[in-house]
Structure formats: structure tokens, C-alpha cells
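This report refers to the structure that appears directly beneath it.
None of the values given here were measured: they were computed from a predicted structure.
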Amino acid sequence: MNPKTESAAAGARKPRLALLIATACGLGYLPKAPGTFGSIAGLTITALSMWPWVFARTPPYLTSKEHIVRLAFGILLYQLILAAAIAFPGVWAADRVAAYHGQKDPQFVVIDEVSGQQLSLVLGFGWVNWKYLALGFILFRAFDIWKPFPARQAESLPGGWGIMADDWVAAVYAALGLWIARAAGL
């Protein structure tokens, strides 16, 4: 621990719930590539949350274009609610943990990767099949590491917003990549 972390830890109560959320149930403590494991968690959450729709048998009367559009809209709405349920507690937890440890963006905080990965797959409709899930994962990791404009600038936002926002920008870039891949027929 650095001296600043030790002083914060000595004077404040450990934010256990915030640590549980910010580290994605401890994934952030893995010694190698914690961000990648956070992204895998986001991918897993997205894939598992789609099981009811992927494995449900579609009744014959729901095969019209109107019903398919309604179903797709319902799935998208459900996924966006799930994204918000990860993102907003993530901002709170990242803020609390960063303040407690006296660091701007601690490496063990991986809820930003979980949220960003999930958002990239939702916005890019990466949950449609396994190829888009894999491509969405690769694109998100690439953009998260590269941090194209304005991701690096988003890191300067205060507290948990800065920790999370750069990953949301990477998610938008990854989603655009998924849309381009789909338009190209991949």
C-alpha cells in the first residue's frame, strides 16, 4: 500500500459493498489482466441475460415482421435497463473505492469494464449470435486500451464518472464497429 492509501484506510471504514461492486465480486483482484476478466464478466452477463429469448420457441403467430420488431424492442429495452442497473451503481462504487484508496482509477476497479462491455454489446446488437459476442469483446478491449478521442478526455471527469465514462466511450466505438461488421455482411 502507498502512504496515501494507508492513511485513508486507517481513518475511514472500509466500503465493503462498494468494493464488491467495483471489483465485480473480486475479479479485480486477479493478478493478471483484471480488466479483461471484467470484460468477460460483462460479456457473460449479456449472453446469460439473453437465454430466455435465445432458447424460447417462437409461436407461429409471432413470426410477422411487426411481432419480431416488438420482440426486438422489448429485448433492447430490457438490455438497456440492465445496462443502467450496472452503470449507476458502478459509478457510485468506483467513486467510493477510489476515494477510500486515494487513487484516481485503481486497477482493481473493473466495474467500468463490465459496464462498458455490456453496453457495447447492447448498442451494437452483439448479443444476436456468438460471432458478434466475440467480435464485440475484441473491439471493446481494443478501444478500451487504445482510448480514442474523447475517451481519454472522459477520464478527467470527477470521481466515479471519470472511471466509468472512458469505458462507455470505448463501448460506443465498439458498437459502431459491430454495426459496420454487420453492414459488411460479416
Side-chain angles (χ1 to χ4, degrees), residues 20-51 53-54 72 75-95 97-98 104-157 159-186:
L20 181 73
I21 295 168
T23 63
C25 298
L27 287 176
Y29 296 125
L30 293 173
K32 301 276 188 198
T36 300
F37 283 101
S39 292
I40 291 170
L43 183 143
T44 304
I45 289 168
T46 305
L48 290 178
S49 68
M50 291 308 302
W51 278 30
W53 287 283
V54 171
I75 292 169
L76 180 61
L77 182 62
Y78 168 74
Q79 287 291 339
L80 289 172
I81 291 169
L82 181 61
I86 294 170
F88 292 121
V91 169
W92 169 81
D95 187 53
V97 169
K104 183 164 175 48
D105 188 356
Q107 184 177 3
F108 56 86
V109 172
V110 296
I111 191 65
D112 52 337
E113 275 83 10
V114 175
S115 177
Q117 181 68 71
Q118 196 264 344
L119 188 62
S120 71
L121 294 170
V122 169
L123 296 178
F125 287 85
W127 38 266
V128 173
N129 66 37
W130 69 270
K131 291 184 283 187
Y132 290 127
L133 283 172
L135 181 60
F137 173 78
I138 292 167
L139 287 172
F140 174 73
R141 289 307 298 150
F143 287 121
D144 186 32
I145 292 165
W146 177 29
K147 298 205 184 305
F149 179 81
R152 192 152 319 272
Q153 291 75 7
E155 289 180 312
S156 64
L157 292 170
W161 291 105
I163 294 170
M164 300 288 285
D166 69 302
D167 291 88
W168 295 335
V169 172
V172 170
Y173 276 103
L176 287 172
L178 284 170
W179 279 95
I180 291 168
R182 188 173 296 106
L186 298 177

Between [atom1] of [X] and [atom2] of [Y], what distance do you get to the nearest 0.5 Å?
X    : Y    : atom1 : atom2 : result
F140 : E113 : CZ    : CD    : 6.0 Å
M164 : D95  : CE    : CG    : 11.0 Å
I40  : L27  : CD1   : CG    : 9.0 Å
L135 : N129 : CG    : CG    : 10.0 Å
L139 : L176 : CG    : CG    : 10.0 Å
D144 : T36  : CG    : OG1   : 8.5 Å

Locate the shortest heavy-atom distance separating [X] from [Y]; write the atom from each residue and the value.
X    : Y    : result
P34  : V110 : O-CG1, 3.5 Å
L80  : V122 : CD2-CG1, 3.7 Å
D166 : A154 : N-CB, 3.9 Å
I86  : I111 : CG2-CD1, 4.1 Å
V97  : A22  : CG2-CB, 3.8 Å
T46  : Q79  : O-NE2, 4.0 Å

Report yes or no: does [X] contribute a side-chain atom to a donor-acceptor pair with the main-chain N or O of [Y] at less than 3.5 Å?
X    : Y    : result
W146 : A170 : no
Y173 : F149 : yes
R182 : Y132 : no
S49  : I45  : yes

Can you find a heavy atom in the side chain of [X] that is under 4.5 Å from one in the side chain of [Y]?
X    : Y    : value
V114 : S39  : no
W168 : S115 : yes
L76  : F125 : yes
T23  : Y29  : yes
S120 : L178 : no

| said: Looking at K131, I'd like to know if its NZ atom is crowded, meaning that more than 12 non-hydrogen atoms belonging to other residues, nucleotides or ligands lie closer than 6.0 Å. | reply: no
| query | Which class fits the ring pair F88 and W161: parallel under 30°, tilted 30 to 60°, perpendicular over 60°? | reply |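 F88 and W161: perpendicular rings.
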